[in-house]
Asker: 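Here's a structure for you.
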Amino acid sequence: MDIRVRFAPSPTGYLHVGGLRTALYNYLFAKHHNGKIILRIEDTDRTRLVEGATENLISSLAWAGIEFDEGPHVGGSFGPYIQSQRFAIYKEYCNQLIDNNSAYYAFDTSEELDEMRQRQQKAGIPPRYDRSIMKNQYTIGANNTKELLEANTPYVIRLRVPLENDIIFNDAIRGEVKVRGRDVDDQILLKSDGFPTYHLANVIDDHLMQISHVIRGEEWLPSTPKHVLLYRAFNWDAPQFAHLPLLLNKDKSKLSKRQGDVAVEDYIAKGYFKEAIVNFISLLGWNPTADREIFSIDELIKMFSLEKVNKAGAIFDLTKLNWVNSQYLRTKSMDDLADFLIPFLEKRNFNYINREYLKRVIDLIKERIDLVTELPDFAPYMFEKPKEFDQDFLAKHWKESTKEVLELYLEELRKLDDFSHPSLHNFTEQFISERNLKLRDVVHPLRIMITGRGVGAGMFETMEVLGKEECIERIESFLKMEGK
RNA sequence: GACUCCAUCGACUAAAGGUUAGGUCACAAGCCUUUCACGCUUGCAAUAGGGGUUCGAAUCCCCUUGGAGUCACCA
């Protein structure tokens with residue numbers, strides 16, 4: 001069997017990280033089996049369309065490195081891949097269901113349906129369409145149905161669920177799932193505007209597009225029996241289902257916007273590496289059984305298997321994502337990091353001096369940050385003179401004699417030609433040993449004078465990058481200020 | 001409420017009936033040291049509870065509890 005999977009988002013805005021994971025698992029599965037992955041846009045709800053959402057989805061997916069074999073942006077022989085362009089197909093197939101009595105016409109207004117649900121709720125029974133008493137082709141008879149249809153009365157088409165039978169299907173992740181027919185609602189398949197619902201469209205498209213595995217979020221599990229019934233009604237083989245565990249908030253509810261960023265573009269904007277996001281998200285709900293945490297996309301593809309996907313939901317924990325990102329930060333070249341960071345800096349009009357200088361600063365700082373984009377805030381002093389000085393650090397390390405010592409140090413420093421960090425180190429060691437001082441008596445004050453801060457990279461490395469002239473200016477200006 | 005799914009350290013997870021229940025993040029301590037980090041070492045920390053099955057259960061079965069998802073002319 002050819003492996004064909006699909007990612008089928010609805011274009012209602014941005015790509016959710018949960019959606020990215022679903023797309024990723026589909027991608028890993030397809031690539032692992034040398035199969036195809038298809039992008040299909042599920043836009044059957046015209047009330048929820050968002051301008052530009054499809055382009056947005058595609059660009060976020062592309063950012064993550066997920067390339068589709070077929071889809072609205074790349075074509076393919078099973079198109080169109082946008083459901084709104086396939087409406088005629090759905091209607092035609094839906095008529096087949098009417099003909100073989102798997103579906104039926106219903107004429108209830110939404111008020112009548114509301115009323116029915118309220119009644120049921122009051123009576124303490126689950127709200128479900130009651131086809132024995134509502135207004136449909138069974139209760140009003142064939143002739144009346146025909147008349148209403150001819151009079152262009154608004155109607156919907158509902159799935160006729162066999163009440164007596166159990167619906168059993170196999171899920172690759174959860175095993176056998178069994179639901180009683182009487183617990184399944186007579187789902188609307190074709191809305192009164194003539195558009196299909198998700199349930200109808202997805203079954204028809206998955207069949208026509210020859211999808212072998214439906215890998216989607218667990219939120220679809222409860223409606224899968226309806227889909228199984230539809231495959232049966234069409235006399236089609238159902239694909240293999242695999243329902244992925246959900247991504248969760250800290251409180252274990254389904255990952256939502258209220259509790260943090262959920263849009264992939266938010267993480268892009270913050271400066272996460274795509275490798276880190278892909279690596280991290282892949283390991284939320286699946287693990288290749290190795291005592292490792294960092295995997296390239298090729299390794300993920302090689303190791304992926306649906307059987308090893310977990311059943312329980314996974315909390316989306318930023319702390320570990322940051323760590324994963326920091327691991328990638330360590331391994332990238334300065335050129336790559338500069339290429340990555342410069343657009344971010346330019347966007348905020350940050351003066352990074354020049355590319356070569358920036359590379360040296362990144363090299364200096366990268367072990368102290370998780371995201372490259374933290375660099376300008378972590379070490380603004382590498383790009384302009386400090387305006388503020390950490391008072392706590394100052395109070396702790398600036399002693400009575402410090403000013404005098406540093407004035408002497410400054411005079412000696414002026415004479416130093418080699419401003420490399422080993423040279424600075426030697427020079428300073430010599431300076432302190434001649435005066436019976438500790439290294440910290442000089443280094444800490446230097447740090448505050450030159451950077452304004454109490455934390456940072458090695459002091460001599462920092463000075464080397466800043467350069468002699470700049471360091472001397474900063475020390476002079478601080479001592480002058482201190483003298484006032 | 002009904003239906004369905006789920007349950008290993010705080011978090012992500014490993015262990016596919018036989019392990020002192022392992023790793024990673026986080027946290028804590030120590031080492032290193034020039035601040036903060038990195039790195040290294042160590043520590044803390046889990047099979048929800050109860051019954052079975054079995055020589056043997058985190059693992060299989062049942063019950064309880066807990067959590068989640070879904071119950072639209074949304075997807």
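All values below were derived from every heavy atom in this structure, side-chain atoms included, with hydrogens, water molecules and symmetry-related copies excluded. So you know, we letter chains A, B, ... as the sequences are listed, proteins then strands, and number each from 1.
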Asker: Provide the Watson-Crick or G-U wobble partner of B:U35, both distances under 3.5 Å; none if there is no partner.
Answerer: none

Asker: Scan nucleotides 71-75 of chain B against the protein and return all N/O pairs shorter than 3.5 Å with their distances rounded to 0.1 Å.
Answerer:
unit_1: B:C73; atom_1: OP1; unit_2: A:Arg117; atom_2: NH2; d: 3.4
unit_1: B:C73; atom_1: OP2; unit_2: A:Arg117; atom_2: NH2; d: 3.0
unit_1: B:C73; atom_1: O2; unit_2: A:Ser192; atom_2: N; d: 2.6
unit_1: B:C73; atom_1: O2; unit_2: A:Ser192; atom_2: OG; d: 2.7
unit_1: B:C73; atom_1: N3; unit_2: A:Ser192; atom_2: OG; d: 2.8
unit_1: B:C73; atom_1: N4; unit_2: A:Asp108; atom_2: O; d: 3.2
unit_1: B:C74; atom_1: OP2; unit_2: A:Lys191; atom_2: NZ; d: 3.1
unit_1: B:C74; atom_1: O2'; unit_2: A:Asp45; atom_2: OD2; d: 2.6
unit_1: B:C74; atom_1: O2'; unit_2: A:Arg48; atom_2: NE; d: 3.4
unit_1: B:C74; atom_1: O2; unit_2: A:Arg48; atom_2: NH1; d: 3.2
unit_1: B:C74; atom_1: O2; unit_2: A:Arg48; atom_2: NH2; d: 3.3
unit_1: B:A75; atom_1: OP1; unit_2: A:Thr44; atom_2: OG1; d: 2.7
unit_1: B:A75; atom_1: OP1; unit_2: A:Lys191; atom_2: NZ; d: 3.1
unit_1: B:A75; atom_1: OP2; unit_2: A:Tyr198; atom_2: N; d: 3.1
unit_1: B:A75; atom_1: O3'; unit_2: A:Glu42; atom_2: O; d: 3.4

Asker: Can you tell me how far P in B:A11 sits from the matching atom in B:C27, rounded to whole Å?
Answerer: 16 Å

Asker: B:G69 P sits how many Å from A:Leu248 CG, rounded?
Answerer: 7 Å

Asker: Sorted by first residue and then second, give each side-chain hydrogen bond (donor to acceptor under 3.5 Å, both in side chains) pair with at least one member in residues 435-463 of chain A; sequence neighbours left out.
Answerer: A:Lys399-A:Asp441

Asker: With a 3.5 Å distance limit and no angle check, can you tell me whether A:Lys366 reaches the backbone of A:Met334 through a side-chain donor-acceptor pair?
Answerer: no

Asker: Can you tell me how the ring of A:Phe393 sits relative to the ring of A:His397, calling it parallel under 30°, perpendicular over 60° and tilted otherwise?
Answerer: tilted

Asker: For each nucleotide in nucleotides 27-39 of chain B, reading 5' to 3', give B when a protein heavy atom comes within less than 4.0 Å of its base, S when such contact involves only the sugar-phosphate, and - otherwise.
Answerer: -------BBBBSS

Asker: Test of understanding: with side-chain hydrogen bond (donor to acceptor under 3.5 Å, both in side chains), list the residues that count as partners of A:Ser84, not counting sequence neighbours.
Answerer: A:Asp43

Asker: Tell me what A:Gly285 touches on the nucleic acid: a base, only sugar-phosphate, or nothing, going by heavy atoms under 4.0 Å.
Answerer: sugar-phosphate

Asker: Using the P atoms only, state how far B:A16 lies from B:G22, rounded to an integer number of Å.
Answerer: 15 Å

Asker: Under a 3.5 Å cut-off for both distances, is B:C71 Watson-Crick or wobble paired, and to whom?
Answerer: B:G1

Asker: Is it true that the side chains of A:Glu42 and A:Asn202 contain a donor and an acceptor less than 3.5 Å apart?
Answerer: no

Asker: Could you tell me which residues satisfy salt bridge (Lys or Arg N to Asp or Glu O under 4.0 Å) with A:Arg158, sequence neighbours excluded, listed by chain and number?
Answerer: none

Asker: Could you work out the separation of B:G51 and B:A15 based on their P atoms and round it to a whole Å?
Answerer: 28 Å

Asker: Measure CZ/A:Phe295 against P/B:C12 and give the value in whole Å, please.
Answerer: 17 Å

Asker: What's the CG-C1' distance between A:Leu283 and B:U24, to the nearest Å?
Answerer: 10 Å

Asker: What integer number of Å spans the C1' atoms of B:U35 and B:A45?
Answerer: 32 Å

Asker: Please give the nucleotide sitting opposite B:G66 as a Watson-Crick or G-U wobble pair, both distances under 3.5 Å, or none.
Answerer: B:C6

Asker: Please measure how far the C1' atom in B:U24 lies from the corresponding atom in B:C9, and state the result in whole Å.
Answerer: 12 Å

Asker: Can you tell me the distance, in whole Å, between the CG atom of A:Leu246 and the P atom of B:C12?
Answerer: 13 Å

Asker: Find the distance A:Asn279:CG to B:C25:P and express it as a whole number of Å.
Answerer: 13 Å

Asker: Please measure how far the P atom in B:C25 lies from the corresponding atom in B:C62, and state the result in whole Å.
Answerer: 38 Å

Asker: Students often get this wrong, so: under 4.0 angstrom with heavy atoms, is A:Lys308 touching a base, only sugar-phosphate, or nothing?
Answerer: sugar-phosphate

Asker: When the aromatic ring centroids of A:His227 and A:Tyr231 are compared, is their separation below 6.0 Å?
Answerer: no

Asker: Closer than 4.0 Å, any side-chain N/O of A:Thr289 to the OP1 or OP2 of B:A15?
Answerer: yes

Asker: By salt bridge (Lys or Arg N to Asp or Glu O under 4.0 Å), which residues pair with A:Asp193, not counting sequence neighbours?
Answerer: A:Arg46

Asker: What pairs meet the side-chain hydrogen bond (donor to acceptor under 3.5 Å, both in side chains) rule with one or both residues in residues 243-255 of chain A, with sequence neighbours excluded?
Answerer: A:Asp171-A:His243, A:Arg216-A:His243, A:Thr224-A:His243, A:Asn249-A:Ser253, A:Asn249-A:Ser256, A:Asp251-A:Ser253, A:Asp251-A:Gln259

Asker: Just to verify, what does A:Pro288 make a side chain to side chain contact (heavy atoms under 4.5 Å, CB included) with, not counting sequence neighbours?
Answerer: A:Leu283, A:Trp286, A:Phe295, A:Met303

Asker: With both distances under 3.5 Å as the test, what is the Watson-Crick or G-U wobble partner of B:G18?
Answerer: B:C55

Asker: Using atom P in both nucleotides, what's the gap between B:U4 and B:C44 to the nearest angstrom?
Answerer: 43 Å

Asker: Would you say B:U13 has OP1 or OP2 under 4.0 Å from some side-chain N or O of A:Asn310?
Answerer: yes

Asker: Can a salt bridge be assigned to the pair A:Lys332 and A:Glu275 using a cut-off of 4.0 Å between side-chain N and carboxylate O?
Answerer: yes

Asker: Specify the separation, in whole Å, of atom CD1 of A:Ile294 and atom P of B:G23.
Answerer: 18 Å

Asker: If the C1' atom of B:G30 is compared with that of B:G23, how far apart are they to the nearest Å?
Answerer: 22 Å

Asker: For nucleotides 4-11 of chain B, just jot down a letter per nucleotide in 5' to 3' order: B, S or -, based on protein non-hydrogen atoms under 4.0 Å.
Answerer: SSSS---S

Asker: With sequence neighbours left out, what residues match A:Arg292 under side-chain hydrogen bond (donor to acceptor under 3.5 Å, both in side chains)?
Answerer: A:Glu299

Asker: How long is the line joining CG of A:Leu255 and C1' of B:C12, in whole Å?
Answerer: 15 Å

Asker: Report the distance from atom CZ of A:Arg119 to atom P of B:G1, rounded to the nearest whole Å.
Answerer: 23 Å

Asker: Counting only Watson-Crick pairs (N1-N3 plus N6-O4 or O6-N4) and G-U wobbles (N1-O2, O6-N3), all under 3.5 Å, who is the partner of B:U41?
Answerer: B:A29

Asker: Name all residues meeting the ring-ring contact (aromatic ring centres under 6.0 Å, His included) criterion together with A:Tyr93; count only those two or more places apart in sequence or in a different chain, and write none if there are none.
Answerer: A:Phe234, A:Trp236

Asker: With sequence neighbours excluded, give me every side-chain hydrogen bond (donor to acceptor under 3.5 Å, both in side chains) pair touching residues 12-25 of chain A.
Answerer: none

